[in-house]
Amino acid sequence: MDGRPRDVKCNVTLVTRNEWHARPTRYTEHMNTPVGIVFIHHTAMAECNDQHSCTVEMQEIQNFHMDNRSWDDIGYNFLIGGDGRVYEGRGWDRVGAHTRGWNDVAVAFSVMGDYSHKLPNSAALTAVHNIINCGILKGKITPDYKMYGHRDAGTTECPGQQLYDLIRTWPHFDPNKPVRPTLAN
């Protein structure tokens, strides 16, 4: 790591939107937290292994989401680089554009790269666990959350077969089809 201060409580090195030079969002919709559902994704794009290459990749992903898909911003709440850093997407309290039908009741963590035929490195996998634990500590994710791969809620190969096989072994993975919670008014 680069000696930057870490969020000690969360054990996460967070790269803010300002630090990766995010474009301004077009629209913000608030999400009620804590949420009880976590989705794991992969970007199916390039991998990155240092802050510079991950910053470039974050900008590419945001441009693709905003310019090609016409979304208001980058779709994911947080993205994880091969450098072990967590890159802020929409953050904890904004509705995402990551899992159709679930964006307002779940957070999504996407590992940068394509994990159809290989696993992310250990730094990235550790960062995924740490940012989820951070969400619990900050009261953004319920301690009894259920985890799913993106494919569990839609027709997609995401988060890639190798990563999907791995997350199916993690303690909060739910092998059942996700059930959408009822939102309070």
Side-chain angles (χ1 to χ4, degrees), residues 25-47 57-58 60-62 64-66 68-81 86-120 124-125 127-136 138-185:
T25 187
R26 293 185 188 129
Y27 175 77
T28 297
E29 184 178 353
H30 179 77
M31 181 169 65
N32 292 322
T33 55
V35 297
I37 298 174
V38 167
F39 283 102
I40 303 296
H41 293 247
H42 71 164
T43 61
M45 294 173 68
E47 290 181 43
E57 190 61 17
M58 287 295 292
E60 290 288 324
I61 295 164
Q62 186 184 40
F64 175 70
H65 286 179
M66 293 179 79
N68 294 67
R69 294 198 169 163
S70 299
W71 295 347
D72 296 322
D73 201 345
I74 196 165
Y76 311 109
N77 299 92
F78 295 92
L79 295 90
I80 293 86
V86 175
Y87 293 77
E88 180 184 22
R90 295 198 185 199
W92 295 115
D93 299 313
R94 292 178 52 208
V95 172
H98 49 77
T99 312
R100 186 182 302 270
W102 298 89
N103 294 318
D104 60 337
V105 295
V107 292
F109 303 99
S110 188
V111 184
M112 289 186 257
D114 185 337
Y115 299 103
S116 300
H117 303 290
K118 68 178 199 168
L119 286 172
L125 293 172
V128 172
H129 288 291
N130 288 348
I131 190 64
I132 293 170
N133 289 333
C134 179
I136 294 168
K138 290 182 175 290
K140 305 298 183 178
I141 299 173
T142 61
D144 62 344
Y145 74 92
K146 293 183 179 181
M147 176 188 293
Y148 303 96
H150 181 199
R151 66 175 61 182
D152 293 317
T155 307
T156 178
E157 294 183 16
C158 183
Q161 191 62 50
Q162 292 296 309
L163 182 53
Y164 186 69
D165 288 345
L166 178 64
I167 68 168
R168 291 187 324 171
T169 69
W170 291 358
H172 286 268
F173 183 82
D174 186 348
N176 301 305
K177 187 157 181 70
V179 176
R180 188 175 160 79
T182 305
L183 294 177
N185 290 332

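The basis for the numbers below is simple: all heavy atoms, side chains too, and nothing from hydrogens, waters or symmetry mates.
Annotation: K146, atom NZ; neighbour count of heavy atoms from other residues, nucleotides and ligands within 6.0 Å does not exceed 12. Counting non-hydrogen atoms of neighbouring residues, nucleotides and ligands closer than 6.0 angstrom, the CZ atom of R168 exceeds 12 such neighbours. Around atom NE2 of H30, more than 12 heavy atoms belonging to other residues, nucleotides or ligands sit under 6.0 Å away. Residue Q162 places its CD atom among more than 12 non-hydrogen atoms of other residues, nucleotides or ligands, all under 6.0 Å distant.
With F78 as the fixed residue, the ring-ring contact (aromatic ring centres under 6.0 Å, His included) test singles out one of W92, Y87, F39: W92.
In this structure, the side chain of R180 engages the main chain of G101 through a donor-acceptor pair within 3.5 Å. At least one donor-acceptor pair under 3.5 Å links the side chain of R26 to the backbone N or O of W71. Side-chain atoms of T33 do not come within 3.5 Å of backbone N or O of V35 as any donor-acceptor pair. Not one N or O on the side chain of R100 forms a donor-acceptor pair closer than 3.5 Å with the backbone of G154.
Partners of Y164 under the side chain to side chain donor-acceptor pair (under 3.5 Å) rule, at least two apart in sequence or in another chain, are D152. For N68, the side chain to side chain donor-acceptor pair (under 3.5 Å) test picks out no residue, with sequence neighbours left out. The salt bridge (Lys or Arg N to Asp or Glu O under 4.0 Å) test applied to E47 returns K118, not counting sequence neighbours.
Taking all atoms of both residues into account, the shortest heavy-atom contact from T169 to D165 is CG2-O, 3.7 Å. Y76 and H65 get closest at one heavy-atom pair: CE1-CE1, 3.6 Å. When all heavy atoms are compared, the tightest approach of V107 to N77 is CA-OD1, 3.3 Å. Pairing each heavy atom of P159 with each of G149, the nearest pair is CD-CA, 4.0 Å.
Distance CD1/I40 to CE/M147: 4.5 Å, rounded to 0.5 Å. One finds the NE2 atom of H150 at 13.0 Å from the CG atom of L163 (value rounded to the nearest 0.5 Å).
Residues H172 and Y145 bring their aromatic ring centres within 6.0 Å.
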Requested in this report: Evaluate side chain to side chain donor-acceptor pair (under 3.5 Å) for T25 paired with R94, printing each intermediate quantity in order.
Outcome: CA-CA 11 Å; T25 187; R94 292 178 52 208; 2.9 Å; yes
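Side-chain contact between L79 and I61 is present, with at least one heavy-atom pair separated by less than 4.5 Å.
Using a 3.5 Å distance cut-off with no hydrogens or angles, the side chains of T99 and H41 do pair a donor with an acceptor.
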